[in-house]
Each structure stands twice: as structure tokens, then as C-alpha cells.
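What's counted below: heavy atoms across the whole structure, side chains too, no hydrogens, waters or symmetry copies.
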Amino acid sequence: MTTGLPLTGERTVPGIAREQYWFARHEVVYRWLESQVAGQTVLEAGSGEGYGAAILRAAGAQVIAVDYDEAAIRHSCATYPLPHVQANLAALPVRSVDAVVSLQVIEHLWDLRGFLAEVRRAAKWTCLSTPNRLTFSPGLERGKKPTNPFHVEEFDAEQIAGLLHAAGFCDITMYGVFHAPRLASRPRLIAEQIEAAVNNHWPAELEAFVASVTTDDFVISREHLDDSLDLLVVAS
């Protein structure tokens, strides 16, 4: 019997009611990718707990889960029936794949340019997502160390496009993840969760609301990227 990975703030894990908002906010991108990866060979770089790789596999992709963290790989390998490799993301352990998917990872990487060069070498196309610095850390200037201790750097849409162009990608399309109407009607939802976590006091109504969040509470759009919660890019 496997046990879940501990919730440290570094990665999102399923099955925790108070984490459900963040989990659904990540899961919606995997669901959006389902139709695009069917029948393809996909390497997930920074696969973490493994739920995302499992979603892509269920969608019909042949998936290789790759993560640098030994505990994450050990847990994922014991939980999800797909190939796993522990490796540095700046040296991807494959010769070629159809796609590299890496969601909510690039903000953690010390050698982002090395990673993007490896993605360009190994994959025909890639999908990356990351928190939008403009809304995730308002006021944080480009290149400055984020408050989040697990983030090396956070980005805006123009930065991400520039990094991908520099790595040799030509066809680049940017999207944003946004709150759908139910969450948009509660503009302090993120602040409410942060306050509850910091004070270790969750009002019952807030906890129930957060636990009810699903992927239907988010939308993906190419409009108004600077206002998005997370940035999503597909490049080839």
C-alpha cells in the first residue's frame, strides 16, 4: 500500500480537500491536453506526484514520467503503471519523443535555458505552464527572487515567448488559465485561502467551497494574458 506524498508547498497533490483549488487549477491543463496527446509519445518533465502523467496515459499517450526528486519518482512509480525515470531535466533521458509536457515546473528550474535546449533537441512540440508573475506575485520585477521559496524565477508572457524563441522554437502560441464565473464571483478566494493557511484556521464555508472546486471552474483563453492566473504555451 502506497502513501501520498506530503504537502510541502513545492508540488500539488490530489486528495486533499484544502488543496483542491490548486489541484483543479493544475488539472484543467492536463484535461485540455488530452485530445492533443492521444497516440503520441510524451515525456512529462517534472512529473511530481504522477497524477498528470496518468491523465495523459489514460488519454491514449505513451507517457514517460521524469522527475529529479527521488521520493516523487518512488511514490509515482508505486502508484501509477507507467515508465518512470529519475533524471536532471537539463539532460532528458530520451533520444526523441513527440512531445515534452512540463506543467508548473519551469519556475522551479535553476537551468531553464538548458532544459529548453533539451526540449528543443528531443521533442517535436512542447506544452509548458507556469504561474503568471503579474498576478501570482504582483509587483515582483523581472528576474527578482520570488517570495515562494520553491520558485527560482517567475515569468510573464513576453518573457516566456522570448525564452522559447531563443531556444529555437518558431511556432509559439500563448494561452492563459482564468477563473470561470463561479470563482470569478469570489475575487478574494486566493487571499482567503492564504489567510486560512497562514492562520491555520479554515472557516467551514470556505473549506467546503474550496473542496467543491473542479476543472469546470477554470477556462483557458488566448485573450487578456496579462490578467491570467497561469500562463500556458504550446510551441514547436
Side-chain angles (χ1 to χ4, degrees), residues 1-37 44 46-59 65 72 75-76 79-80 101-105 107-108 127-138 147-148 150-151 154 175-232:
M1 179 178 179
T2 61
T3 58
L5 284 175
L7 185 61
T8 64
E10 185 175 11
R11 64 177 66 85
T12 301
V13 299
I16 300 176
R18 294 177 179 179
E19 181 74 1
Q20 179 58 27
Y21 167 86
W22 299 101
F23 179 76
R25 180 166 151 177
H26 292 185
E27 183 188 5
V28 68
V29 180
Y30 288 105
R31 299 298 180 187
W32 182 80
L33 279 169
E34 286 179 316
S35 63
Q36 301 177 58
V37 301
E44 188 183 9
S47 52
E49 194 274 347
Y51 69 88
I55 290 172
L56 300 180
R57 180 179 183 273
H75 164 83
S76 184
T79 307
Y80 303 103
V101 170
S102 193
L103 307 185
Q104 304 295 311
V105 171
E107 66 276 9
H108 296 265
C127 179
L128 312 173
S129 74
T130 191
N132 178 10
R133 175 178 51 80
L134 301 180
T135 58
F136 193 80
S137 299
T147 301
N148 187 313
F150 300 108
H151 290 183
E154 295 168 2
Y175 302 84
V177 177
F178 299 84
H179 285 159
R182 189 171 80 104
L183 300 189
S185 69
R186 191 163 180 163
R188 292 198 73 254
L189 178 59
I190 295 174
E192 288 181 81
Q193 293 178 81
I194 293 171
E195 290 166 7
V198 169
N199 296 321
N200 195 27
H201 173 68
W202 285 75
E205 184 278 333
L206 174 63
E207 187 163 13
F209 185 88
V210 168
S212 75
V213 174
T214 73
T215 56
D216 290 336
D217 288 310
F218 299 91
V219 293
I220 293 173
S221 172
R222 294 180 63 183
E223 305 295 326
H224 307 294
L225 293 180
D226 284 352
D227 298 324
S228 67
L229 303 163
D230 299 314
L231 295 164
L232 171 62

Which atom pair, heavy atoms only, marks the closest approach of [X] to [Y]?
| X | Y | result |
| --- | --- | --- |
| D226 | N132 | O-ND2, 3.1 Å |
| A53 | A65 | CB-CB, 4.2 Å |
| C127 | L232 | SG-CD1, 3.3 Å |
| I220 | V177 | CG1-CG2, 4.1 Å |
| L231 | L225 | CD2-O, 3.9 Å |
| W202 | E207 | CB-OE1, 3.9 Å |

Q.
Test side-chain contact (heavy atoms from CB on, under 4.5 Å) on L206 and R186; report intermediate values, then the result.
A. CA-CA 11 Å; L206 174 63; R186 191 163 180 163; 3.8 Å; yes

Any side-chain heavy atom of [X] sitting closer than 4.5 Å to one from [Y]?
| X | Y | value |
| --- | --- | --- |
| I190 | Y21 | yes |
| Q193 | W22 | yes |
| L103 | H26 | no |
| S212 | R182 | yes |
| Q36 | L33 | yes |

Q. Going from CG on L189 to CG on L183, what distance comes out if it is rounded to the nearest 0.5 angstrom?
A. 6.0 Å

Q. Rounded to the nearest 0.5 Å, how far apart are CZ of R31 and CG of L56?
A. 9.0 Å

Q. Q104 and D230: side-chain contact (heavy atoms from CB on, under 4.5 Å), yes or no, with the steps?
A. CA-CA 9 Å; Q104 304 295 311; D230 299 314; 3.7 Å; yes

Q) Should V213 and F218 be marked as a side-chain contact (heavy atoms from CB on, under 4.5 Å) after you check the CA-CA gap, both sets of side-chain angles, and the distance that decides it? A) CA-CA 9 Å; V213 174; F218 299 91; 3.7 Å; yes

Taking [X] for the side chain and [Y] for the main chain, is one N or O donor matched with an acceptor at less than 3.5 Å?
| X | Y | result |
| --- | --- | --- |
| R25 | L229 | yes |
| T135 | S228 | yes |
| S76 | A72 | no |

Q: Let me see the working for E107 and T130 under side-chain hydrogen bond (donor to acceptor under 3.5 Å, both in side chains), right down to the final yes or no.
A: CA-CA 7 Å; E107 66 276 9; T130 191; 2.7 Å; yes

Q: Indicate the ring-plane relationship of Y30 and Y51, choosing parallel, tilted or perpendicular according to the 30° and 60° boundaries.
A: perpendicular

Q) Between W32 and Y175, how do the two ring planes meet: parallel, tilted or perpendicular, split at 30° and 60°? A)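 Plane angle over 60°, so perpendicular.
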
Q: Could you give me the CA-CA distance, side-chain angles and deciding distance for E49 and T12, then say whether side-chain contact (heavy atoms from CB on, under 4.5 Å) is met?
A: CA-CA 8 Å; E49 194 274 347; T12 301; over 6 Å; no

Q) When you look at H151 and F136, which way does the ring pair (Phe, Tyr, Trp, His ring centres under 6.0 Å) test go after all the steps? A) CA-CA 12 Å; H151 290 183; F136 193 80; 5.7 Å; yes

